[in-house]
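In listed order, ligands and their atoms are each counted from 1. Keep in mind that what you see is a predicted model, and the values were worked out from it rather than measured.
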Amino acid sequence: MAANKKLLVLPGDGIGPEVMREVRRVIDWMERRRSVTFDISEDLVGGAAIDQRGTPITAETVAKAREADAVLFGSVGGPRWDKLGFDMRPEIAILTLRRELGLFANLRPAIVLDPLVDASTLKADVIRGLDLMIVRESTGGLYFGEPRGIETLPDGQQRGVNTEVYTTNEIERVARVAFELARKRQNRLCSVEKANVMESGLLWRQVVTALHGREFGDVELSHMYADNCAMQLVRNPRQFDVIVTTNLFGDLLSDLSSMLTGSLGMLPSATLGLPDSSGRRHALYEPIHGSAPDIAGKGIANPMGQMLSFAMLLRYSFDMEDEAALIERACTNVLASGIRTADVMAPGTAKVGTSVMGESVLRELEKLSA
Ligand code: IPM
Ligand code: MG
């Protein structure tokens, strides 16, 4: 591991900068108390970059991301930039980073923390103890497939086209990440597609099955159609351990899963590339919540999704399991003590804003490492 851990911080838009501020305090604390040092730089992405530089992400920012050991991403987008046309969407920033850095494996955990079991709209009995990991393919499929576009037909009608396309290699490398993760968890993998309707789904199923036979016979593998998976996730989510699925289905199913936990503001994610010969891999970490323009600037956003994304960064990119677990413990303890941001409020708990929540986590970190 590089002695000096190069971190690129991209707060983005909306609540991104507010929640990232609290993470910076956690990073400062780590540097002071755990004698680690990070080589941090910060840059603009999304609407913020459009405003200042006329583009959602510059080539320089992409280059910096490529050089970094890890990227900590906030969130992009908001109504201010909605009218700028398809090529000027703030979302292009994250899509470009995924594509340019080859970040093909998007890990999206959905964990129900005990103190938050009542925050879900589902019955506590159904979701208590839920610990699910969705591995979403993130550089292929419908998001990037060609041909794509809007064309005008001879009769004056228009036609919008996107293409779902997957190659053997693309399926295999993301399935491999999922199988390996399953081995470290409950050893169960469910592969999700629509092999009953789509050829790309049929190939997906064949490739995952073959890889299982060749390398992962010890992992329990099942297959499920995506629509059934959506239903099963609501009916009995604890039947799943790791789910691996395509880009679009993963986008939908991970939003669904995040709400099983009742707290979109809490969930982190990691997006990983292929390791090179030295074991180094590109990686980006971001909370699942978006820029939440409706609450941006009010100081009420939950900073824990961003903090837990930083914890994932420490775990996956820097092998700092102890520090990652410390942040996770601190967050759980603060919630258990009844300190809550508005999104995870419950009767009998105290409502605080973003920066008080940040301070509470810092105080807990201090306590845990005393
Ligand atoms: C996500 C988001 C993105 C996606 C958007 C912002 C492009 O919804 O990370 O899930 O669709 O992948
Ligand atoms: Mg999404």
Answer yes or no: is there a donor N or O on one side and an acceptor on the other, between the side chain of T245 and the main chain of V192, under 3.5 Å?
yes

Contacts table for ligand 1: protein N or O within a distance under 3.5 Å of ligand N or O, distances only.
residue: ligand 1; atom: 8 (O); partner: D251; partner atom: OD1; Å: 3.4
residue: ligand 1; atom: 9 (O); partner: R98; partner atom: NH2; Å: 2.8
residue: ligand 1; atom: 9 (O); partner: R108; partner atom: NH2; Å: 2.7
residue: ligand 1; atom: 10 (O); partner: R108; partner atom: NH1; Å: 3.0
residue: ligand 1; atom: 10 (O); partner: R108; partner atom: NH2; Å: 3.1
residue: ligand 1; atom: 10 (O); partner: R136; partner atom: NH1; Å: 3.2
residue: ligand 1; atom: 10 (O); partner: D251; partner atom: OD1; Å: 2.9
residue: ligand 1; atom: 11 (O); partner: Y143; partner atom: OH; Å: 2.5
residue: ligand 1; atom: 12 (O); partner: R98; partner atom: NH1; Å: 2.8
residue: ligand 1; atom: 12 (O); partner: R136; partner atom: NH1; Å: 3.2
residue: ligand 1; atom: 12 (O); partner: R136; partner atom: NH2; Å: 2.8

Should we count CZ of R185 as having more than 12 external heavy atoms under 6.0 Å?
yes

No-hydrogen, no-angle side-chain donor-acceptor test under 3.5 Å, D343 and T341
yes

Pair T61, T58: side-chain N/O donor-acceptor within cut-off below 3.5 Å
yes

A cation-pi test, strictly: NZ or CZ of R183 under 6.0 Å from the centre of the six-membered ring of F179 and no more than 45 degrees from its axis. Yes or no?
no

If you draw a 6.0 Å radius around CD1 in I150, do more than 12 non-hydrogen atoms from other residues or ligands fall strictly inside?
no

For the pair E164 and K194, find out whether any cationic side-chain nitrogen is under 4.0 Å from an anionic carboxylate oxygen.
no

Should the pair K5-E31 be classified as a salt bridge under the 4.0 Å nitrogen-to-oxygen rule?
no

Is the closest basic N to carboxylate O distance between R188 and E220 below 4.0 Å?
no

Near the Mg ion (ligand 2), meaning under 2.8 Å, the protein N/O/S atoms are D251 OD1

